[in-house]
Amino acid sequence: GSEMCIRDSSRLGPLRGDFAIWRKTVNGTFGVADAGAAQLVGSELPRLARALRRIGFSVGRIDCRVLGLATLAGTSLAE
């Protein structure tokens, strides 16, 4: 499938995704609580980029950053 698959989601913890699509180009950042989660997400980013290209999108920058648990707890995608 073309979905992003993280096999051990129990180690992932909270996840924030901030993405934008402009003229069929996707840019975005995943925010996670710790380095272990960043490694899990980061290992899947190439597959995500391939899947997006397969369905007609261009991929700009997609990355993953450690934001920390306190930062993630205080954020909302609705803000």
Side-chain angles (χ1 to χ4, degrees):
S2 61
E3 68 280 348
M4 188 170 167
C5 177
I6 301 209
R7 288 168 184 80
D8 186 2
S9 61
S10 64
R11 287 184 38 214
L12 187 57
L15 174 72
R16 175 182 169 150
D18 293 308
F19 283 80
I21 301 171
W22 174 252
R23 296 185 180 179
K24 295 209 65 158
T25 299
V26 178
N27 290 285
T29 300
F30 287 103
V32 295
D34 60 48
Q39 185 175 7
L40 281 171
V41 172
S43 70
E44 294 293 332
L45 293 181
R47 186 171 17 180
L48 175 61
R50 285 191 302 272
L52 288 167
R53 287 185 191 104
R54 234 184 346 262
I55 60 173
F57 288 95
S58 296
V59 176
R61 190 199 69 181
I62 298 179
D63 61 12
C64 184
R65 298 180 187 167
V66 176
L67 299 179
L69 191 55
T71 300
L72 286 169
T75 62
S76 166
L77 292 176
E79 291 178 350

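In this structure, the separation between CG on Leu67 and CG on Leu72 is 5.0 Å, given to the nearest 0.5 Å. Atom CG of Asn27 sits about 10.0 Å away from atom OG of Ser58, to the nearest 0.5 Å. Atom CG in Leu52 sits 10.5 Å away from atom OG1 in Thr25 (nearest 0.5 Å).
Applying the side-chain contact (heavy atoms from CB on, under 4.5 Å) criterion to Ser43, with sequence neighbours excluded, gives no partner residue. Among residues two or more places apart in sequence or in another chain, the side-chain hydrogen bond (donor to acceptor under 3.5 Å, both in side chains) test is passed with Thr29 by Arg61, Asp63. Qualifying ring pair (Phe, Tyr, Trp, His ring centres under 6.0 Å) partners for Phe19, counting only residues two or more places apart in sequence or in other chains: Phe30. Looking at residues two or more places apart in sequence or on another chain, you find a side-chain contact (heavy atoms from CB on, under 4.5 Å) between Pro46 and Arg50.
Follow the hydrophobic side-chain contacts under 4.5 Å out from Ile21 and you reach Leu45 in the same cluster. Linking ILVMFWY side-chain heavy atoms closer than 4.5 Å, directly or via other members, places Phe57 and Trp22 in two distinct hydrophobic clusters.
Listed by first and then second residue, the salt bridge (Lys or Arg N to Asp or Glu O under 4.0 Å) pairs that reach into residues 22-38 come to none, sequence neighbours excluded.
Pairing each heavy atom of Cys64 with each of Ala38, the nearest pair is SG-CA, 3.7 Å.
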